[in-house]
Amino acid sequence: MVDLHTHSTASDGTWSPGRIVEEAVRLGLRAVGLTDHDSVDGNAELVETGRTLGLPVVPGVEISTRWNGVTFHLLGYGIDPRIPAVKAAFDRLARSREARAPRMLARLQDLGVPITLEEVRAEAGTALVGRPHVARVLVRKGVVRDVQEAFDRLLGRGRPAYVDKDRLDPAEACQTIRRAGGVAVLAHPGLIEEDDPALLRPLLDHLVELGLEGVEAFYSRHTREQQERYRSLAVQRNLLVTGGSDFHEPGSGGPALGTGYGSLEVPDACFEALARLLKERRPELGPVLNPGL
Ligand code: AMP
Ligand code: ZN
Ligand code: FE
Ligand code: FE
């Protein structure tokens, strides 16, 4: 079993990349991938800890995009962040997040919720501010009982303190990932179908033209029927099948590392096929993907 979709303190998770690798070893996972939102800053520590502990790791990123008014996420595995065009794209996303945080807090203050940018920045540490950081501050201050209530009442899409952020165009996101030597994968298609059931197939075909190479068929919130359906959509198009939990924080009611909501089981073959493709494209990732050899 593997987990190819996790978030660390480099974005809005609560475990450091190193801790994620340690816990993955403890759980007996065969490989773990890191996919922080719009940031590759945690990948160096992931790779370092993977090497130390002898666990195969996959450096990655999760990029927010928008197409025809629908927002969705693309995962980029094995990207080399040193490429200038890649750096520029991430810098732009960082600036957009920087601009969003004070606007979100202004909305909350208008609603009579006492919260400051300093508190939120302290919660985020070195990471870019995301809504979960705001939510955790609200929990600590007793404004809401838990993170979920913060999203349901205030921060979720359509709620009064929601402020959207800049997103890359999917063409730009795919191109950025490919230019960086990476593999672009459509994240959690089930969430796209929740928004608009008719959109997934045309979107997938469009993304394949842009260079998409995989579909995240295994995901905490996908039913078995969805897993099977997304897997066959991928196989029909000759795409990789990947999977992961979307772990952010233990004991928060969200998905757990490796097992999601309890029944997730991402086959080792998902990692093996991805690793094969990545090793062809970026041979220097060999020791990261196979630290035992
Ligand atoms: P941001 O990138 O700052 O817009 O925050 C997105 C993150 O917020 C997601 O990755 C989840 O961790 C979390 N999130 C978004 N929507 C919800 C929701 N409705 N309930 C709980 N968590 C959410
Ligand atoms: Zn998140
Ligand atoms: Fe996502
Ligand atoms: Fe995610």
Side-chain angles (χ1 to χ4, degrees), residues 3-15 17 20 32-40 42 58 60-66 70-77 90 93-105 107-108 120-121 123-124 127-139 144-168 170 173 184-195 215-222 242-250 252-257 260-261 264 266:
D3 190 342
L4 302 175
H5 187 153
T6 68
H7 295 271
S8 76
T9 45
S11 66
D12 55 4
T14 59
W15 282 354
I20 290 176
V32 70
L34 183 68
T35 51
D36 275 310
H37 300 285
D38 304 333
S39 167
V40 290
V58 189
V61 67
E62 180 171 29
I63 300 179
S64 305
T65 73
R66 187 194 334 263
V70 185
T71 62
F72 60 94
H73 293 167
L74 286 170
L75 302 167
Y77 289 111
F90 285 118
L93 293 172
R95 280 196 302 277
S96 151
R97 270 186 188 273
E98 281 300 300
R100 177 175 74 150
R103 291 177 57 208
M104 246 181 329
L105 299 189
R107 292 263 179 106
L108 285 168
V120 174
R121 283 210 195 288
E123 178 65 37
L128 299 167
V129 170
R131 285 179 288 162
H133 301 122
V134 177
R136 286 176 205 140
V137 172
L138 295 178
V139 173
V144 290
R145 254 169 312 150
D146 53 24
V147 165
Q148 195 53 56
E149 188 188 333
F151 275 92
D152 293 346
R153 271 184 41 206
L154 297 163
L155 303 172
R157 209 191 310 171
R159 308 310 303 158
Y162 179 74
V163 179
D164 202 4
K165 56 184 186 280
D166 223 16
R167 292 158 193 273
L168 291 188
V185 171
L186 179 62
H188 40 64
L191 304 190
I192 299 170
E193 277 195 320
E194 268 177 31
D195 278 352
V215 175
E216 186 177 55
F218 296 91
Y219 185 67
S220 296
R221 282 169 59 189
H222 290 168
T242 74
S245 64
D246 213 351
F247 166 74
H248 283 73
E249 185 180 2
S252 59
L257 183 66
Y261 293 109
L264 182 70
V266 183

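Both counts, for ligands and for their atoms, begin at 1 and track the order of listing.
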Determine whether the side chains of His37 and Asp12 contain a donor N or O and an acceptor N or O closer than 3.5 Å. yes
Logged contact type for Asp152 with ligand 1, heavy-atom cut-off 4.0 Å, is neither
Could you tell me whether a side-chain N or O of Thr35 sits under 3.5 Å from a main-chain N or O of Leu75, the two making a donor and an acceptor? no
Within the structure provided, determine whether Val40 and Phe90 are in side-chain contact (heavy-atom separation under 4.5 Å). yes
Would you name the N/O/S atom of Asp246 that lies closest to the Fe ion (ligand 4)? OD1
For the Fe ion (ligand 4), which N, O or S atom of Glu62 is at the shortest distance? OE1
Give, for atom NE2 of His222 and atom CG of Leu191, the distance between the pair rounded to the nearest 0.5 Å. 6.0 Å
Check contact between Pro132 and ligand 1, using heavy atoms of the residue and a distance below 4.0 angstrom. yes
Is the Fe ion (ligand 3) less than 2.8 Å from at least one N/O/S atom of His5? no
Could you list the atoms of ligand 1 found under 4.0 angstrom from a heavy atom of Gly130? 3 (O)
Donor-acceptor pair, Asp36 side chain versus Asp38 backbone, under 3.5 Å? no
Do Glu62 and His7 have side-chain atoms, one donor and one acceptor, less than 3.5 Å apart? yes
Considering non-hydrogen atoms of the protein only, which is the closest contact for atom 13 (C) of ligand 1, and what is the distance? Phe151 CZ, 3.4 Å
Donor-acceptor pair between Ser220 and Asp246 side chains, under 3.5 angstrom: no
Specify the protein heavy atom at minimum distance from atom 2 (O) of ligand 1: its residue, its atom name, and the distance to 0.1 Å. Arg97 NH2, 2.7 Å
Please work out, at 4.0 Å between heavy atoms, whether the side chain, the backbone, both, or neither of His248 comes within that distance of ligand 1. side chain
Among all protein non-hydrogen atoms, which one is nearest to atom 20 (N) of ligand 1, and what is the separation to 0.1 Å? Gln148 NE2, 3.1 Å
Name whichever N, O or S atom of His73 ends up nearest to the Fe ion (ligand 3). ND1
Just jot down the ligand 1 atoms closer than 4.0 angstrom to any heavy atom of Lys165, in number order. 1 (P), 2 (O), 4 (O)
Nearest protein heavy atom to atom 7 (C) of ligand 1, by residue and atom, and its distance? Asp12 OD2, 3.5 Å
For a distance under 2.8 Å, tell me if His37 has an N/O/S atom near the Fe ion (ligand 3). no
Tell me: protein heavy atom nearest atom 6 (C) of ligand 1, and distance? Arg131 NH2, 3.6 Å
Heavy-atom pair with the smallest gap, counting every atom of Arg159 and Phe151: CG-O, 3.5 Å
Of all protein heavy atoms, the one nearest atom 1 (P) of ligand 1 is Arg100 NH2, 3.3 Å
NZ/NE/NH1/NH2 to OD/OE distance under 4.0 Å, Asp166 and Arg95: no
Cationic N near anionic O, under 4.0 Å, Glu98 to Lys165: no
